[in-house]
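This report concerns only the one structure given below.
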Amino acid sequence: MDKKGYRRGSFQSSTSDEDMVEIEGVTLDFSMADDVPPLDREMGEFYSYNGGEMNGTSKMMDFLEEPLPGVGTYEDFNTIDWVREKSRDRDRHREITSKSKESTWALIHSVSDAFSGWLLMLLIGLSAGSLAGLIDISAHWMTDLKEGVCLKGFWLNHEHCCWKAETPFENRDTCSDWRIWSQLIIGTTEGAFAYILNYFMYVIWALLFSLLAVSLVKGFAPYACGSGIPEIKTILSGFIIRGYLGKWTLIIKTITLVLAVSSGLSLGKEGPLVHVACCCGNILCHLFIKYRKNEAKRREVLSAAAAAGVSVAFGAPIGGVLFSLEEVSYYFPLKTLWRSFFAALVAAFTLRSINPFGNSRLVLFYVEFHTPWHLLELVPFILLGIFGGLWGAFFIRSNIAWCRRRKTTKLGRYPVLEVLVVTAVTAILAFPNEYTRMSTSELISELFNDCGILDYSKLCEYVSDFNSTKGDDLPDRAAGPGVYTAMWQLALALILKVFITIFTFGMKVPSGLFIPSMAVGAIVGRLLGVGMEQLAYYHHDWTIFSGWCSQGADCITPGLYAMVGAAACLGGVTRMTVSLVVIMFELTGGLEYIVPLMAAAMTSKWVADAIGREGIYDAHIRLNGYPFLEAKEEFSHKTLAMDVMRPRRNDPPLTVITQDSMTVEDVEVIINETTYSGYPVVVSRESQRLVGFVLRRDLIISIENARKKQDGIVSTSIIYFTDHSPPLPPSSPSMLKLRSILDLSPFTVTDQTPMEIVVDIFRKLGLRQCLVTHNGKLLGIITKKDVLKHIAQMANQDPDSILFN
């Protein structure tokens, strides 16, 4: 492995996610047949481990308040031990509780420890809300910058520039203070040359923004690309990816997210906002000892941070909590549910205080409908659900195929060129069509909109043959020329969005999938809604309409169809159900539309699941080979633990350490000659009776520390893991007791245990490895990676795909 990006001779990276890990040009291969992803792969490159001496200065920090710095911590690209982490937290809590009765200061410390979680949630909510507001304001301004500039102040976007302009209502988007580029450069907005100049400036700005985004990602924070949700799901399951939630990733992702959205690429900011919020949560964890020193507790915080991210992305605090619970979290106790709700509430309140869109709403496409829906409309709603499922399955297969091609061909070597080409194609095709030229959020807002008296967009250009109206409730009317023009423009926009999103998602820029998926569904929904509206207008005497849609009534709301279509397509891609319905309900503020949304979301999921079981995030987890054990999948095969454990037949015997008969040199030879992360400790090689399990990293640190600080420890010193030292001749060198690093209660199963139970144990307890015994004697070991490979093999997939790539 290339050493680029790592710090020589330092154990510091084992507890801080702030250290950057350079991944550009590095091949991370965990393909060897080890018990677990090896810890010594990195160690072997930084140290030459000869006779207990490590070349290079060893700088170790005491993060865990244990006798030896570094003991009990984890290396990069390894899985945490959930059971050990929870046990350590319980011990810490018991100690604080017992001391709280001894003095007032200890009582204050106990109260502050209990309150620290809520304080951390408050800080996460404030930071996530503030960053989301900053991103929204910046992206809105830079998107408008592609079309023109405000003379009053270049920092004002189009809407704010014309806020107080005295212009007729129908011309409210044009004002003397706002100048498009052709007007600014050549003094006119008419003619072919002015159009070409505006076209050219639009493409140039788009290319500039995307070039800056991909250059910053490539140069400073490779982990800032993509949506981040697949990796966050993997991290929340217990995997460690150093630097993925660090300060550099946060800074670069925030900046490049604004640039990527402003460039006009078919991507959204909602998914990356979850990554940004989780970065905030991880960095703020370092302010509190309880979370800084315990990986399991930190993951509870990250679950709450993910909820805050969705809360500010959609202005949906409850939907954010449910999204975290349904989609990303692996371990979600009731306490985390309450704290997630609090963090989401604070984040939404902060964003509301900033008011980035100037309309007192948290999102650009908030809308309210007032017309009730009819039972017969469930048929088109279910049709939208079917389309959403088909689109979701098509998109996942196409996007995964393209991303796999990117990984396995020369295409992956030129991320900057790929981004520029896709941006150029997107901008060139988008500019002529006003519905693709505008930002995707504005497009969704336009499609969700329920036409009122004051609306002047093409989608609302109906033939006005009515004499009176009641408020804003307009009757169904015949479509005018503007509506028909908008229909074919939307059809072209749909084709562009469907295909360009396949190539955009997964590039080396921050890219979310929520908004493009919603846009595809909203376009189809609006087209269907207008079709239904015209059908009801011209054929109100048909049987299906006669009972509830009389002439001159406001029966069909095309904007509602757009909203249902958006939910269906988003559900088809992500396979969200409950959280999706709640998010859409919070977006519209209409309780009466929950049933249409539920019908579309469930239909979409059923159709998509019938074609392929994986959602887009699970598909990307499998593509990248992350060791993620999906809790939703059932294991139904009749295999036994002995079929999966190692060593297999004809393999060398399992490497073990005896409890009181091996020397320091013997253990060092085992460490040098193997690449396993840990070793079972047995009574003797003859009896093979299990005593416990010791981690390789803890052994290395303990032996090195003993050689430096304990007198008389030499290569012939006996290492023992028992309470009492074994009897030895008086002339023997000092012995080394390492019982403190021994796990005396490793999880064990018998060789006849069904794999169905073993898989369940790994899922529910978050194990790293499980030892296999027969009549009390050690037979072998099963690791999380073995379980994942076995599941892949049983599903007729390539078991060697379970690598971190």
Side-chain angles (χ1 to χ4, degrees), residues 15-18 63-65 72-73 80-101 105-131 232 235-238 240 245-247 250 274-312 317-318 320-325 328-351 766:
T15 53
S16 172
D17 274 352
E18 295 187 16
F63 283 124
L64 296 169
E65 296 179 340
T73 58
I80 70 169
D81 190 331
W82 285 90
V83 176
R84 183 171 70 167
E85 295 294 308
K86 297 303 291 182
S87 175
R88 281 164 55 185
D89 184 61
R90 282 193 297 270
D91 292 342
R92 184 196 63 81
H93 190 263
R94 273 195 294 267
E95 184 182 353
I96 290 175
T97 305
S98 63
K99 286 183 178 177
S100 65
K101 301 170 185 175
W105 174 250
L107 179 63
I108 293 171
H109 175 62
S110 174
V111 172
S112 67
D113 181 76
F115 180 70
S116 62
W118 295 101
L119 178 59
L120 181 55
M121 293 303 114
L122 176 68
L123 295 175
I124 289 171
L126 290 170
S127 55
S130 302
L131 284 174
I232 286 167
I235 288 169
L236 289 178
S237 76
I240 289 177
L245 301 175
K247 59 179 180 291
L250 173 63
V274 176
H275 189 184
V276 167
C278 285
C279 287
C280 294
N282 180 68
I283 292 166
L284 291 168
C285 275
H286 289 80
L287 301 176
F288 301 90
I289 293 174
K290 177 164 71 172
Y291 298 103
R292 185 173 73 232
K293 297 178 179 178
N294 192 294
E295 293 287 352
K297 294 293 290 180
R298 191 184 301 189
R299 274 150 182 77
E300 293 179 24
V301 173
L302 296 180
S303 292
V310 175
S311 172
V312 293
I318 302 171
V321 175
L322 291 174
F323 174 82
S324 180
L325 174 61
V328 297
S329 293
Y330 194 83
Y331 174 69
F332 203 84
L334 191 60
K335 181 171 59 178
T336 304
L337 180 70
W338 301 334
R339 289 181 175 171
S340 299
F341 184 70
F342 179 63
L345 173 70
V346 173
F349 176 77
T350 306
L351 186 62

ask   = Taking all atoms of both residues into account, what is the closest heavy-atom pair of Ala305 and Ala277, and its distance?
value = O-CB, 3.2 Å

request  = List in chain and number order the residues that pass side-chain contact (heavy atoms from CB on, under 4.5 Å) with Leu107, two or more places apart in sequence or in another chain; answer none if no residue qualifies.
outcome  = Ser100

inquiry  = So Asn294 and Lys86, do their side chains get closer than 4.5 Å, heavy atoms only?
reply    = no

remark   = Those residues at least two apart in sequence (or on a different chain) that pass ring pair (Phe, Tyr, Trp, His ring centres under 6.0 Å) with Trp338 are none

request  = Taking the side chain as every heavy atom from C-beta outward, state whether Ser116 and Tyr291 have any atom pair closer than 4.5 Å.
outcome  = yes

remark   = Sorted by chain and number, sequence neighbours left out, side-chain contact (heavy atoms from CB on, under 4.5 Å) with Leu337 holds for Val321, Phe332, Leu334

request  = Sequence neighbours left out, what passes side-chain hydrogen bond (donor to acceptor under 3.5 Å, both in side chains) with Thr336? Give chain and number order.
outcome  = none

Validation row: Arg84, Glu295 side chains within 4.5 angstrom (heavy atoms) = no

ask   = Can you tell me how far CG of Leu287 sits from CZ of Arg292, rounded to the nearest 0.5 angstrom?
value = 8.5 Å

ask   = Taking only residues two or more places apart in sequence or in another chain, which ones pass side-chain contact (heavy atoms from CB on, under 4.5 Å) with Asp113?
value = Arg92, Ile96, Lys290

request  = For Tyr331, check ring pair (Phe, Tyr, Trp, His ring centres under 6.0 Å) against everything at least two apart and list the hits.
outcome  = Trp82

task = Please name all residues satisfying side-chain contact (heavy atoms from CB on, under 4.5 Å) with Leu236, sequence neighbours left out, ordered by chain then number.
result = Ile232, Arg299, Leu302, Ser303, Val328, Ser329

ask   = Considering residues at least two apart in sequence or located in another chain, which fulfil the side-chain hydrogen bond (donor to acceptor under 3.5 Å, both in side chains) criterion with Arg90?
value = none

remark   = What one should report as the nearest heavy-atom pair of Leu351 and Gly129 is CD1-O, 3.8 Å

task = Report the residues that fulfil side-chain hydrogen bond (donor to acceptor under 3.5 Å, both in side chains) with Ser340, sequence neighbours left out, ordered by chain and then residue number.
result = none

key: Which atom of Ala344 lies closest to which atom of Ser311, heavy atoms considered   = O-OG, 2.8 Å

request  = Could you pull out all residues at least two apart from Lys335 that satisfy side-chain hydrogen bond (donor to acceptor under 3.5 Å, both in side chains)?
outcome  = none

request  = With sequence neighbours left out, write down each residue that passes ring pair (Phe, Tyr, Trp, His ring centres under 6.0 Å) with Phe341, or none if nothing qualifies.
outcome  = none

task = Taking the side chain as every heavy atom from C-beta outward, state whether Phe288 and Val301 have any pair of such atoms under 4.5 Å apart.
result = no

ask   = Are Asn282 and Ile235 close enough that some pair of their side-chain heavy atoms sits under 4.5 Å apart?
value = no

request  = May I ask you to decide whether Glu85 forms a salt bridge with Arg298, counting only side-chain N to carboxylate O separations under 4.0 Å?
outcome  = no

